[in-house]
Amino acid sequence: MDIRQDIRNVAIIAHVDHGKTTLVDELLKQSGIFRANEQVAERVMDSNDLERERGITILSKNTAVHYKDVKINIVDTPGHADFGGEVERILMMVDGVLLLVDAFEGCMPQTRFVLKKALGLKKKVVVVVNKIDRPGARPAEVIDEVLDLFIELGADEDQLEFPVVYASARDGYSSLDSSVREGDMRPLFDAILEHIDPPAGEMDGPLQILFSSLDYDDYIGRIGVGRVERGHLRRNEQVVLCKTDGSRQNVKISKLYQFEGLKRVEVEEAKLGDLVCVSGISDLNIGETACDPENVEPLPFVKIDEPTISMNFIVNNSPFAGQEGKFVTSRNLRDRLFKEVETNVSMRVEETDTTDTFKVSGRGELHLSILIETMRRQGYEFQVSRPKVIMKKENGVLLEPMELLIVEVPEQYVGSVMEKLGSRKGELENMGVRDGGMTHLEFKIPARGLIGYRSEFMTDTNGNGILNQLFAGYEPYKGDIQTRDRGSIVVHETGETTGYGLFNTQDRGRLFVGPGVPVYEGMIVGECAKSDDVVCNVCKQKHLTNTRASGSDDALRLVPPTTLSLEQCMEFIKDDELLEVTPVSLRLRKVILSKELRMKQQFKK
């Protein structure tokens with residue numbers, strides 16, 4: 001057994017917003033990757049526009065730094081449960097993990113999820129308590145919480161002896177003492193070298209590479225990112241690719257890269273333990289193994305958890321179809337969705353009975369909404385249906401996905417939150433009080449009970465609450481849940497909204513559009529105050545007469561419209577409604593646009 005002491009492979013895992021990407025920034029800066037005069041963006045690893053806008057990591061990314069003649073390959077992973085598929089497969093590439101925990105918030109749902117996966121794969125864990133300079137930080141209690149979590153997840157004795165490093169990623173220091181408030185990242189680098197196992201295996205054995213990630217370059221095509229599990233790999237070498245369906249294919253590695261800082265650097269060869277990028281394999285998929293032609297032994301791949309929510313993606317057939325988008329046909333939509341599945345392992349796409357509808361399944365609403373937002377920015381135009389949870393049947397019993405919901409709210413809002421979640425079949429499992437007057441609640445709730453709840457929660461808590469959720473397995477069906485209890489304000493005719501028409505409609509409920517907006521019959525422009533839908537003429541013009549009365553011609557006062565985000569639109573729609581997505585607009589509409597046809601349909605039911 002050969003051991004490579006000159007390399008370490010480590011992933012950084014944590015709950016969303018606990019500071020993973022900021023920590024990677026500091027490790028890069030302090031390892032001397034950047035020139036002294038180089039302009040470096042904040043959160044440099046969050047490279048795509050959506051990640052920068054939302055302040056979250058969506059895709060896992062690789063980087064490498066050098067410290068004391070050792071190359072440390074670091075993988076930054078997403079912290080949101082909906083992107084758990086990114087974390088699960090990345091753990092196959094590394095020998096250990098840095099578990100980042102906020103010194104104030106402590107263990108959160110995603111901490112539990114990622115740690116469970118790491119312990120299951122027997123990875124070494126270094127615990128980093130981050131943000132120790134934060135007001136209200138409680139590092140000693142947080143370490144106790146982490147230890148309890150390790151025990152709860154069935155860690156063995158070696159794993160329970162985890163090393164702890166205290167850090168402030170924002171201010172760029174780390175220490176083995178929680179009271180230190182200065183210094184640099186050297187204690188953390190030393191902990192990685194000391195506690196994370198170096199790669200071990202057969203240096204001169206027959207080649208094996210397991211591909212855990214895919215990238216794409218406009219010039220060189222598809223790039224496979226993987227780890228050399230055994231032997232040596234050279235540029236232009238012939239290898240056998242073992243496909244996930246059991247077939248085998250002879251391929252040639254045309255280019256070979258390794259990570260240096262934020263760049264991919266071309267190299268001539270790689271050996272045991274290296275994380276590499278290879279090009280030249282056109283139909284490579286995640287989870288496949290490249291082997292020596294003389295010794296073909298495919299490696300097993302980690303099982304990715306199944307999706308829990310599905311939506312229909314439909315070709316846009318509204319009266320405004322094709323006006324704003326670049327890619328509008330069913331062929332465009334089909335090609336784009338099937339391309340997404342190649343790199344997004346926890347997503348599924350199925351064709352349906354009709355050629356213009358595709359069923360897309362993902363881990364959660366955020367997982368699907370990121371895909372929708374990415375597609376609309378690329379120029380696609382389509383419609384989506386309401387998200388639905390994926391049910392299962394086992395031994396004749398109908399099962400549904402459950403979520404562990406962790407809520408932090410100020411004391412005065414606890415009653416309204418518990419009332420709303422109770423009506424959505426939520427069961428309170430744990431309750432406690434945190435410093436600063438926040439109440440900590442833990443619920444077990446059906447996944448479908450959470451669809452449409454987030455916006456209500458923000459309203460009920462005046463934006464002061466924090467909601468975190470985590471998939472908690474399947475349980476028997478809990479019965480019907482009452483969701484949105486208000487109807488929609490539906491447009492009566494095609495035209496352009498007028499101030500006069502909206503003024504006469506705004507008493508009916510909350511409006512989503514202002515004056516001068518093109519609308520069509522059957523489009524939804526607001527939420528009705530009552531439970532039934534109401535059809536209104538928002539394009540109505542004021543009749544011009546020559547009679548004048550004092551005061552009647554004063555300016556009409558319109559209530560400012562509510563602008564819904566993509567996620568709010570997805571949560572708002574009912575089963576008989578669709579969301580029309582174009583690069584420019586988000587429009588809500590009825591599936592059946594004509595009022596008469598809707599009435600007939602209702603009558604038939």
Side-chain angles (χ1 to χ4, degrees), residues 16-17 46 48-59 78-84 109-110 307-314 340 344 346-347 360-378 380-389 401 403 405-407 417 420-421 424 445-471 483-484 486 488 510 512-513 524-527 561-575 577-589:
V16 66
D17 209 23
D46 284 348
N48 78 31
D49 293 344
L50 270 176
E51 291 181 318
R52 289 211 164 281
E53 281 171 30
R54 293 171 183 241
I56 59 171
T57 305
I58 295 168
L59 304 169
H80 203 287
D82 282 16
F83 308 110
Q110 187 66 4
T308 56
I309 276 189
S310 68
M311 295 175 86
N312 286 338
F313 280 54
I314 307 159
E340 180 69 24
N344 202 332
S346 47
M347 195 168 270
V360 181
S361 309
R363 280 286 184 85
E365 282 178 273
L366 185 66
H367 193 199
L368 292 168
S369 74
I370 292 291
L371 170 65
I372 294 170
E373 183 63 41
T374 307
M375 285 174 64
R376 74 180 279 219
R377 290 183 183 207
Q378 290 168 350
Y380 286 83
E381 184 178 305
F382 52 96
Q383 301 177 135
V384 293
S385 67
R386 183 171 193 234
K388 287 187 176 166
V389 299
E403 299 274 339
L405 187 70
I406 296 191
V407 183
V417 169
K420 283 275 172 71
L421 289 172
R424 290 166 174 264
I445 184 169
R448 63 200 163 94
L450 286 176
I451 295 175
Y453 176 64
R454 196 172 287 269
S455 52
E456 278 186 41
F457 173 76
M458 285 302 168
T459 310
D460 292 345
T461 61
N462 284 346
N464 290 311
I466 301 169
L467 243 185
N468 288 296
Q469 66 195 74
L470 179 67
F471 177 60
T483 50
R484 187 180 121 210
R486 295 188 175 179
S488 305
R510 182 169 63 128
F512 300 152
V513 296
I524 296 166
V525 290
E527 181 183 42
T562 306
T563 306
L564 297 184
S565 68
L566 174 61
E567 278 90 358
Q568 287 171 324
C569 288
M570 286 166 60
E571 291 176 349
F572 179 82
I573 52 179
K574 289 183 175 175
D575 291 336
E577 296 168 353
L578 295 173
L579 167 62
E580 181 187 345
V581 180
T582 77
V584 182
S585 320
L586 294 171
R587 299 188 189 96
L588 302 165
R589 54 160 286 188

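Just so you know, these numbers use all the heavy atoms, side chains as well, and skip hydrogens, waters and symmetry mates.
The shortest heavy-atom contact between Arg386 and Lys574 is CD-C, 3.7 Å. The shortest heavy-atom contact between Gly526 and Phe572 is O-CZ, 4.3 Å. Nearest heavy-atom pair, His367 versus Met347, reported as atom, atom and distance to 0.1 Å: NE2-CE, 3.7 Å. Closest of all the heavy-atom pairs between Pro401 and Val389 is CG-CB, 4.0 Å. Residue Arg424 comes nearest to Pro446 through the heavy atom pair O-CD, 3.8 Å, listed as atom of the first residue, atom of the second, then distance. The two residues Ser385 and Ile573 come nearest to each other via the heavy atoms C-CD1, 3.8 Å.
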Under the side-chain contact (heavy atoms from CB on, under 4.5 Å) rule, what do Met570 and Met311 come out as? Steps first, then yes or no, please.
-> CA-CA 10 Å; Met570 286 166 60; Met311 295 175 86; 3.8 Å; yes
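Between Glu527 and Arg510 there is a salt bridge, with a side-chain nitrogen of the basic residue lying less than 4.0 Å from a carboxylate oxygen of the acidic one.
In this structure, the separation between CG on Asp575 and NZ on Lys388 is 5.0 Å, given to the nearest 0.5 Å. Annotation: the span from Glu373 atom CD to Gln378 atom CD amounts to 10.5 Å, rounded to 0.5 Å. Taken from CZ in Phe382 to CD1 in Ile314, the straight-line distance is 11.0 Å, to the nearest 0.5 Å.
Not counting sequence neighbours, the partners of Ser565 by the side chain to side chain donor-acceptor pair (under 3.5 Å) test are Gln568. Residues satisfying the side chain to side chain donor-acceptor pair (under 3.5 Å) test with Thr582, not counting sequence neighbours, are Glu324. With sequence neighbours excluded, no residue satisfies side-chain contact (heavy atoms from CB on, under 4.5 Å) with Pro561. In this structure Lys420 satisfies the side chain to side chain donor-acceptor pair (under 3.5 Å) test together with Glu456, Asp460, sequence neighbours excluded. Here Glu403 pairs with nothing under the side chain to side chain donor-acceptor pair (under 3.5 Å) rule; sequence neighbours left out.
Side-chain N/O atoms of Glu577 and Ser488 include a donor and acceptor closer than 3.5 Å.
Within the 4.5 Å cutoff, the side chain of Leu579 has heavy atoms near those of the Leu566 side chain. Within the 4.5 Å cutoff, the side chain of Leu450 has heavy atoms near those of the Leu405 side chain. Side-chain contact between Phe313 and Leu371: present, with at least one pair of heavy atoms (C-beta onward) separated by less than 4.5 Å. Using a 4.5 Å heavy-atom cutoff, the side chains of Glu580 and Val384 are not in contact. Side-chain contact between Cys569 and Leu588 is present, with heavy atoms from C-beta onward closer than 4.5 Å. Between Pro583 and Arg377, the closest side-chain pair of non-hydrogen atoms is not below 4.5 Å. Side-chain contact check for Gln383 versus Arg589: some heavy-atom pair is nearer than 4.5 Å. Considering only heavy atoms from C-beta on, Val581 stays 4.5 Å or farther from Arg587 through its side chain.
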